[in-house]
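Note sheet for the following structure.
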Amino acid sequence: MTIRIYNTMSRSKETFEPMSPGKVSVYVCGPTVYDSCHVGHARSVVVFDVIVRYLRERGFEVMYIRNFTDVDDKIIERANRLGMDPMEISEKYIQEFYEDMDALHVLRADHEPRVTRYMEDIKAFVGKLVDSGMAYRIDGDVYYSVESFNGYGKLSGRKLEDMEAGARVGINAKKRNPFDFALWKSAKPGEPAWDSPWGPGRPGWHIECSAMAWRHLGETFDIHGGGKDLIFPHHENEVAQSEGAFGRPFARYWVHNGFVNIDQEKMSKSLGNFLMIKDVRRRYHPETIRLFLLSNHYRSPVDFTDKAMDEARAGLDRIYTFLERAEATAGAPGGSPAEPGQYWQRFAEAMDDDFNTALGVGVLFEGVRAANGLMDGSADDALPRIRAIRDDILRMGEVLGILNETPAAYFTGRRAGVLETESIDAAKIEALIKERAEARKAKDFARADAIRDELAEKNIVLEDRPDGTIWKVGG
RNA sequence: GGCGGCAUAGCCAAGUGGUAAGGCAGCGGUCUGCAAAACCGUUAUUCACCGGUUCAAAUCCGGUUGCCGCCUCCA
């Protein structure tokens, strides 16, 4: 089996062959930490989390780098507005990032470099470009000359000539080309600054990723990821910087995830419809968010709606309901790890084809249905087959970053939510269930059904099982 | 203006040459006092529209319409 990846650079799916057999180096652009993370950040981070998890599952040794951009115009602006130190701002939002992403079961990257801790590498990088004549100084600023790099535009599929036609009037008329971009920005009074051969200042937006990728992964590495919006200018400029500096290919596979829309609208400042992860977490289980995000192919846009989230929750309930029943029927999972079964194989085939999690989720549900069918039936070999399918499903769950809880814990959590919103306590519910059981025993079904209806109004659903009645939270 | 993407059942969504996965919702059935959960069956002779290539197209090519993204900070 080989993995195929859609490479933005070639605009086609390519067979994935890492530079060093068995090893994969990955760099993903992390957030600029000037505000809370929104669901768009969640998608990008979750998508690459799953890609890295899958590569490891497939036996690759992965070196995964995800940066924090912790010095930037927006951070400074916000700090000034709040009368805070920029470093306080970035630190605050880095901690928030971890709170959100830990909740979403996102694994830490192997290195999570912060720009402010890599100033020597950045300055060395800028120095290389200045020395080679690809960058030039204007007062205390250093600019990259896009015309000095003849591949400029190859990632985003643009030609410098075409862009020049529609280019806006450059604000800085001193730039040789309107598309030249800052490698080093001279410090204005009150701004954070580092000494450099070009005077005190700070890095431009794009240089940090080139420098930190270089530091951790070398001149060439395997996979570079980020949101689609980063293709131009951010990633295009990274290519120009890194390939300009080393004369070697930069990233071998460019992977870009699509956007998250909110009710079919792009999240934007003007619409004021940024949906923060911390707010969504209050309403939905973290795995519901992951399942929702992964139910679409990573390159397609995905529309965040209450309906879509409710469906994801229904799906997650379905999987945990199966796991709960399987545990009762076939015992708790564990013991000797089974050989991967047919469902895992099909899941892996889906993932091999450009990380098609949407197709993979479909396979997962097919497994649930098949195993439920076995539990309904009476085949002699049902138990081992159920266990085999469950093992496959749990393995898929590990790649997707879901099914981290035991079914009991999951449903306890679901119940806790409704107890809070409906202001009813578990003892009261249990008392009603007991009363209903007595009514049923006395054949007083009118009373029994009235109790059930009363609870249903509070989104509490009863299930009469052979060993007694349990309650769950509805959709 | 330049570059790129998308249009598949009521809704969401896979499927890039071989005859339409999966989820949600709906309907019929099994089970149940009745339900719920689960399972079985059913729900697109058809993949925006028009033309072309092919033995064969949702899948390739050309055109039309509609929606969207990037080109400016942005996951």
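Order of the sequence lines fixes the chain letters, A, B, ..., with proteins taken first and strands second; residue numbering starts at 1 for each chain.
- Side-chain proximity of A:D376 to B:A75, B:A38, B:A14: nearest is B:A38.
- Nucleic acid contact for A:H256: none, since no nucleic acid atom lies under 4.0 Å from a heavy atom of the residue.
- In this structure, of B:A14, B:C34, B:C39, it is B:C34 that holds the atom nearest to the side chain of A:R436.
- Minimum atom distance to the side chain of A:R452 is reached by B:G33, of the listed B:A21, B:A75, B:G33.
- Looking at heavy-atom distances under 4.0 Å, A:V260 makes contact with a base.
- Between A:K74 and A:D35 there is no salt bridge, since no side-chain nitrogen of the basic residue lies less than 4.0 Å from a carboxylate oxygen of the acidic one.
- For B:A75, the base has no donor-acceptor partner in the side chain of A:R43 [N/O atoms by modelled type, under 3.5 angstrom].
- Counting any heavy atom pair closer than 4.0 Å across all strands shown, A:T305 reaches no nucleic acid atom.
- Here A:T469 does not reach the OP1 or OP2 of B:A35: none of its side-chain N or O atoms lies under 4.0 Å away.
- Residue-level contact check: A:F365 touches the backbone only, with heavy atoms under 4.0 Å from sugar-phosphate atoms and none from bases.
- Contact annotation for A:G377: no contact, since no heavy-atom pair falls under 4.0 Å across all strands.
- OP1 or OP2 of B:G15 sits under 4.0 Å from a side-chain N or O of A:N356.
- Comparing B:C6 with B:C47, their C1' atoms sit 14 Å apart, to the nearest whole Å.
- Each of B:A21, B:A37, B:G22 was ranked by its minimum atom distance to the side chain of A:R346; first place goes to B:A21.
- For A:K74, taking side-chain heavy atoms from C-beta onward, the closest of the listed nucleotides B:C73, B:A36, B:A75 is B:C73.
- Within 3.5 Å, no donor on the side chain of A:D310 pairs with an acceptor on the base of B:C11, nor the reverse.
- For the residue pair A:R158 and A:S156, a side-chain donor N or O sits within less than 3.5 Å of a side-chain acceptor on the partner.
- Here the nucleotide nearest the side chain of A:A448, chosen from B:C39, B:G33, B:C71, is B:G33.
- Using atom P as the reference point in both B:A36 and B:C24, the two lie 15 Å apart (nearest Å).
- At a threshold of 4.0 angstrom between heavy atoms, the contacts of A:M267 include nucleobase atoms, whether or not backbone atoms are also involved.
- A:G315 comes within 4.0 angstrom of no nucleic acid atom, judged by non-hydrogen atoms across all strands.
- For a distance-only test at 3.5 Å, the side chain of A:E311 qualifies as a donor-acceptor partner of the base of B:G23.
- When the side-chain nitrogen and oxygen atoms of A:R318 are compared with OP1 and OP2 of B:G23, one or more of them lie within a distance under 4.0 Å.
- Checking B:C24, B:A14, B:A75 against the side-chain heavy atoms of A:A314 singles out B:C24 as nearest.
- The C1' atoms of B:U42 and B:A7 are separated by 27 Å, rounded to the nearest whole Å.
- Side-chain proximity of A:N372 to the nucleotides B:A38, B:A14, B:A36 is greatest for B:A38.
- Checking the phosphate oxygens (OP1, OP2) of B:G22, a side-chain nitrogen or oxygen of A:R369 falls inside 4.0 Å.
- Of the C1' atoms belonging to B:U16 and B:U8, the separation is 14 Å, rounded to the nearest Å.
- The pair A:E324-A:R465 meets the salt-bridge criterion, since a charged nitrogen lies less than 4.0 angstrom from a carboxylate oxygen.
- A donor-acceptor pair shorter than 3.5 Å can be found between the side chains of A:Y410 and A:D317.
- Using cut-offs of 30° and 60° on the angle between ring planes, the pair A:F411 and A:Y320 is perpendicular.
- A:K175 has no carboxylate O lying under 4.0 Å from a charged side-chain N of A:D141, or vice versa, which leaves the two without a salt bridge.
- Distance from the side chain of A:N296 is smallest for B:A14 among the nucleotides B:G22, B:A35, B:A14.
- Taking the charged nitrogens against the carboxylate oxygens, A:E435 and A:R447 do have a contact shorter than 4.0 Å, which makes a salt bridge.
- Comparing B:C71, B:A75, B:C39 against the side chain of A:H41 picks out B:A75 as the nearest.
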